[in-house]
Amino acid sequence: MNNTFSIAIHGGAGTLVKGMMTPDLESRYKNDLKTAMLAGYAVLEAGNTAVEAVEAAIIVLENSSLFNAGKGAVFTANGTHEMDASIMDGKSLNAGAVSLITGIKNPVSLARDVMEKSEHVFLAGEGAHEFAKELNYNFKDAAYFHDEFRYQQWIEIKDTDSFQLDHSTKKDSKFGTVGAVACDKHGNIAAATSTGGMTNKKWGRVGDSPMIGSGNYANNKTCAISCTGSGEFFIRGVVAYDVACLMEHKGMSVDEAAQEVIHKRILEIGGDGGLIAVDSKGNISMPFNTEGMYRAHKSSTGEEGISIYK
Ligand code: ASP
């Protein structure tokens with residue numbers, strides 16, 4: 001048995017403008033981050049798996065309209081919500097992912113069902129919805145996902161060709177792809193990521209979040225990772241797997257590898273964002289190259305924190 005178990009979560013990296021953040025809003029963010037972190041930690045403390053812990057934490061964040069995942073997901077160019085999610089088990093290297101999902105309250109659970117109840121790794125759009133229907137998922141209508149702030153973000157750019165990161169505008173105070181990584185009492189690790197993607201995205205755009213190796217990855221040999229940031233760059237940089245590779249092939253620690261990727265390798269190709277990572281000893285790293293990243297972590301060593309800014 002591994003004596004250190006730990007969890008880290010993020011609610012998106014971004015350019016957070018302090019002036020836009022009221023004390024009340026800041027405490028709501030911190031409160032939801034804390035609830036999610038504790039939900040995942042309780043699963044680990046009870047001796048359950050890292051996979052169960054990351055799903056539990058993500059569900060809390062998907063159910064909060066403060067984050068761009070599940071309820072409160074951003075709007076596409078057509079005024080709809082298309083969500084992406086993924087999960088990976090570092091012990092078995094099993095993985096599940098869904099993309100272009102509409103109406104599912106907790107996309108992370110559907111990703112887990114793809115991992116555990118299908119022969120496949122990645123289901124998208126219609127097929128993913130069919131699969132969800134077979135499993136008797138309850139579909140929510142668009143009103144459930146609607147968030148007035150996200151709607152206004154979309155209205156401002158909807159007649160343009162631009163699409164934007166949920167957290168890229170200066171006046172923005174709401175950010176948000178969500179992610180969780182955990183190491184359980186047995187030293188098994190897992191990662192999960194869930195997002196609404198980018199405001200005004202078109203043509204079935206898929207970001208890094210559901211792509212195994214780009215926005216999400218877990219392998220007991222190295223680390224579990226969940227990313228947030230400009231997805232197109234994270235896909236090209238194969239960011240999550242890159243961190244694992246630096247550990248495996250260059251012998252770096254999880255923190256050295258994560259810092260190298262976020263502060264050097266992804267910047268070199270023009271990407272901004274951050275990631276959370278944990279290794280199978282429970283060591284956590286949470287680097288970002290933006291002004292802030294919503295994040296929280298808790299370890300059985302007693303270490304704990306909830307932060308937004310640097
Ligand atoms: N990486 C996500 C995407 O490109 C966005 C984010 O992290 O907020 O879909």
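Both counts, for ligands and for their atoms, begin at 1 and track the order of listing.
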Neighbour count above 12 (heavy atom, 6.0 Å) for Lys30 NZ =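 More than 12 heavy atoms, drawn from other residues, nucleotides or ligands, come within 6.0 Å of this atom.
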Closest by any non-hydrogen atom to atom 1 (N) of ligand 1: pick that one out of Thr199, Thr177, Asp208.
->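 Nearest option to atom 1 (N) of ligand 1, by heavy atoms: Asp208.
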If you measure only the distance, is there a donor-acceptor pair under 3.5 Å linking the side chains of Asn188 and Asp89?
->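 The answer is no; no qualifying pair exists.
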Assess the side chains of Ser230 and Asp272: does a donor N or O sit below 3.5 Å from an acceptor N or O?
->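 Yes, because at least one side-chain N or O of Ser230 sits under 3.5 Å from a partner of the opposite role on Asp272.
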Can you tell me if [X] has a non-hydrogen atom under 4.0 Å from ligand 1?
X: Gly197; value: yes
X: Gly229; value: yes
X: Ser209; value: yes

Kindly assign one of parallel, tilted or perpendicular to the pair Trp154 and Phe75, based on the angle between their ring planes and the thresholds 30° and 60°.
->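 Rings of Trp154 and Phe75: parallel, as their planes differ by under 30°.
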Just by modelled atom types, is the Ile276 backbone N or O under 3.5 Å from a matching donor or acceptor in the Ser226 side chain?
->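 Flag not set: sc Ser226 to bb Ile276 has no pair under 3.5 Å.
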Option from Glu45, Glu304, Glu303 for which side chain to side chain donor-acceptor pair (under 3.5 Å) with Lys298 holds |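 Result for side chain to side chain donor-acceptor pair (under 3.5 Å) with Lys298: Glu304.
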State whether the shortest distance between N or O atoms of Asn68 and N or O atoms of ligand 1 falls below 3.5 angstrom.
->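 No, Asn68 has no N/O under 3.5 Å of an N/O on ligand 1.
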Kindly confirm or rule out an N or O of Gly231 lying under 3.5 angstrom from an N or O of ligand 1.
->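 Between Gly231 and ligand 1 (N or O atoms, distance only) the closest approach is under 3.5 Å.
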Heavy-atom contacts under 4.0 Å between Arg205 and ligand 1: side chain, backbone, both, or neither?
->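 It is the side chain that touches ligand 1; the backbone stays farther off.
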Thr228 heavy atoms, cut-off 4.0 Å: which ligand 1 atoms fall inside?
->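 Contacts of ligand 1 toward Thr228, numbered from 1: 6 (C), 7 (O), 8 (O).
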